[in-house]
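Reading through the structure tokens given below for one structure.
Only heavy atoms go into these numbers, but all of them, side chains included; no hydrogens, no water, no symmetry mates. Chain letters run A, B, ... following the sequence lines, proteins first and then strands; every chain starts at 1.
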2 protein chains.
Amino acid sequence: MSKIGDNFNKKRKIMKKILDIISQAPLFNGLSQEQLGQIRQIAIDKFYDKGKTVFMESDDCNGFYIVVAGKVKIYKVSFEGKEHILHIYGPGNPFGEVPVFSGRKFPANAETLLRSHLLFIPRPAFVDLISENPSLSLNMLAVLSMRLRQFTVQIENLSLKEVPARLASYLVYLADEQATGDFVFLTISKGQLASLLGTIPETLSRILAKMNKQNLIQVEGRNIKLLNRNGLEELAQHGKLQ
Amino acid sequence: MSKIGDNFNKKRKIMKKILDIISQAPLFNGLSQEQLGQIRQIAIDKFYDKGKTVFMESDDCNGFYIVVAGKVKIYKVSFEGKEHILHIYGPGNPFGEVPVFSGRKFPANAETLLRSHLLFIPRPAFVDLISENPSLSLNMLAVLSMRLRQFTVQIENLSLKEVPARLASYLVYLADEQATGDFVFLTISKGQLASLLGTIPETLSRILAKMNKQNLIQVEGRNIKLLNRNGLEELAQHGKLQ
DNA sequence: ACCTATTTTTGACATAAGTCAAGGCAGTGC
DNA sequence: GCACTGCCTTGACTTATGTCAAAAATAGGT
């Protein structure tokens with residue numbers, strides 16, 4: 001096969017993938033082919049290696065991103081360098097949309113966890129687009145609302161539950177999301193999970209060990225089996241682990 | 001004066017107040033008189049005594065509210081009855097808009113802290129309105145984005161800072177917001193402030209006492225004078241209070 | 001001004017979770 | 001096979017913050 005043919009195939013594949021992602025993302029749900037085309041036209045492809053910074057807190061915001069492939073973490077860093085992960089986004093998720101509308105700078109940092117392909121949507125073009133497409137703006141409102149709802153849950157967890165409860169609630173949530181019965185696979189490292197739960201690796205490790213001992217779960221590396229879902233759900237509510 | 005005249009005056013005053021509130025709220029910023037009128041037409045007045053429930057978590061959402069007068073707290077309750085306040089909203093603030101777009105139930109409870117006058121905006125009419133008014137939807141997007149940004153800060157505070165840091169950061173924020181130099185007035189009780197900061201009244205009381213001793217602030221009931229703004233800002237960053 | 005109810009403060013105590021330090025385990029490359 | 005690196009676990013210790021109980025202060029209503 002010629003190199004040129006390979007390249008051509010590759011490009012076609014990528015193009016198809018992008019269109020798939022765009023049309024599946026909740027953000028662009030129910031838009032017409034024409035509208036999708038308009039969005040594709042204003043989007044700019046960006047490729048990042050693993051561990052690269054996409055933007056930093058207080059950077060000026062010229063637009064937002066959509067993950068086509070790979071994984072991106074959104075996090076904040078405390079003065080002492082302690083890092084707290086706010087979100088981890090995968091294919092189809094937009095991120096950094098907030099400052100596009102609040103007209104401010106980025107409120108957190110974004111870094112790739114894997115080699116990633118992102119679409120960058122420049123702000124001015126997108127604002128134009130949205131002012132002309134009511135259905136797009138309704139989608140956007142729905143996405144932001146969902147995020148707000150998730151944040152509400154996260155704040156609730158952080159402020160009125162202890163770490164075991166947060167972990168239990170996260171495990172049950174993951175099992176539902178992955179729809180693999182009682183088997184859960186962590187797509188992130190335990191250290192990152194600790195940060196996402198607002199704690200540190202040591203504490204997480206101890207709690208996983210405790211839950212093991214109490215036959216709530218069975219941990220094998222990144223594979224976790226939920227042995228007692230009711231017990232976990234109670235824990236997520238009440239909070240006390242023995 | 002006749003009773004009828006009094007009543008008439010009262011009604012006119014209220015009408016003017018409502019229009020003021022509506023036009024000042026960020027949600028409706030820059031809308032035309034005609035558009036404001038349309039909103040007023042679909043809005044329903046609701047009056048509540050102090051301490052009344054506006055909606056409860058998991059209630060069906062038929063629309064959202066705007067505070068005309070009074071004060072409303074949004075809070076969640078843990079299984080043991082521990083309450084955590086997420087927001088406190090005053091005149092001009094909308095609340096409960098999230099489920100209007102995410103199409104779900106209310107994610108938290110709302111209760112009046114004072115005798116309050118609210119506008120209720122029914123969902124179907126508002127969705128119609130927004131699909132026809134791009135500028136309204138852009139405003140709405142901006143408001144939701146702002147909220148998301150505030151939540152980001154709140155999560156950051158809760159997860160990577162200790163209570164003294166959260167308090168310091170809140171005091172500085174309040175001083176900026178109230179624009180009264182170094183004097184801050186708490187519009188809520190200290191117990192409610194504790195809940196908003198994700199802690200309990202006892203802890204808050206102790207920390208206020210400590211900050212007093214270190215000449216960072218001077219507390220007199222609900223009046224607080226910031227004596228050392230730089231010190232407070234450092235505290236908000238670093239976290240350690242002596 | 002008085003009484004009551006609420007809010008705030010204080011103290012003694014219990015505990016969850018962070019820090020520091022060391023060791024184990026797994027994967028990778030030489 | 002071996003060392004290296006990153007990730008995870010474990011232990012001893014410290015500390016911040018919550019719990020319980022009671023006193024003090026404040027605000028509201030009559």
Just the atom pairs and distances: protein N or O near nucleotides 5-8 of chain C's N or O, under 3.5 Å.
unit_1 : atom_1 : unit_2  : atom_2 : d
dT8(C) : OP1    : K190(B) : N      : 3.0
dT8(C) : OP2    : K190(B) : N      : 3.3
dT8(C) : OP2    : G191(B) : N      : 2.9

Restricting to nitrogen or oxygen on both sides, can you table the protein-nucleotides 23-27 of chain C pairs closer than 3.5 Å?
none

Please tabulate the protein-to-nucleotide N/O contacts below 3.5 Å involving nucleotides 17-19 of chain D, giving atom names and distances.
unit_1  : atom_1 : unit_2  : atom_2 : d
dT17(D) : OP1    : V163(B) : N      : 2.7
dG18(D) : OP2    : T199(B) : OG1    : 2.5
dG18(D) : OP2    : T203(B) : OG1    : 2.9
dT19(D) : O4     : R206(B) : NH2    : 3.1

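Atom CG in N157(A) sits roughly 13 Å away from atom P in dA17(C) (whole-Å rounding). For K210(A) and dC8(D), the NZ to P distance is 21 Å, given to the nearest whole Å. Note: CG (L158(B)) to P (dA16(D)) measures 18 Å, nearest angstrom. In this structure, CG of L167(B) is placed 15 Å from P of dA16(D), rounded to the nearest angstrom. Between L208(A) atom CG and dC7(D) atom P the separation is 17 Å, expressed in whole Å. Summarising the geometry, the separation between CD on E220(B) and C1' on dT26(D) is reported as 14 Å, rounded to the nearest angstrom. In this structure, I224(A) places its CD1 atom 11 Å from P of dC8(D), rounding to the nearest Å. Whole-Å rounding puts the L235(B) CG to dA16(D) P distance at 12 Å.
Contact check on R147(B) versus E97(B) returns a salt bridge, with a Lys/Arg side-chain nitrogen under 4.0 Å from an Asp/Glu carboxylate oxygen. Between D182(B) and R229(B) a salt bridge is recorded (basic side-chain N to carboxylate O distance below 4.0 Å).
For A168(B), the side chain to side chain contact (heavy atoms under 4.5 Å, CB included) test picks out M211(B), L232(B), L235(B), A236(B), with sequence neighbours left out. Every residue two or more places apart in sequence or in another chain was checked for a ring-ring contact (aromatic ring centres under 6.0 Å, His included) with Y48(A), and none qualifies.
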Less than 3.5 Å apart, which donor and acceptor atoms pair up between the side chains of residues 196-209 of chain B and the rest of the protein, not counting sequence neighbours?
none

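The neighbour count for Y173(B) OH, taken as heavy atoms of other residues, nucleotides or ligands under 6.0 Å away, does not exceed 12.
Relative ring orientation between F120(A) and Y65(A) is described as tilted, the plane-to-plane angle lying within the 30° to 60° band. Ring geometry, F151(B) versus F151(A): the interplanar angle falls under 30°, so the pair is classed parallel (tilted spans 30 to 60°).
Looking at every heavy atom in both residues, K73(A) comes nearest to I88(A) through CB-CG1, 4.2 Å.
Separating the CZ atom in R149(A) from the CD atom in Q154(A) is a distance of 14.5 Å, to the nearest 0.5 Å.
Between H84(B) and S159(A), the side chains place a donor N or O and an acceptor N or O closer than 3.5 Å (distance only, hydrogens not considered).
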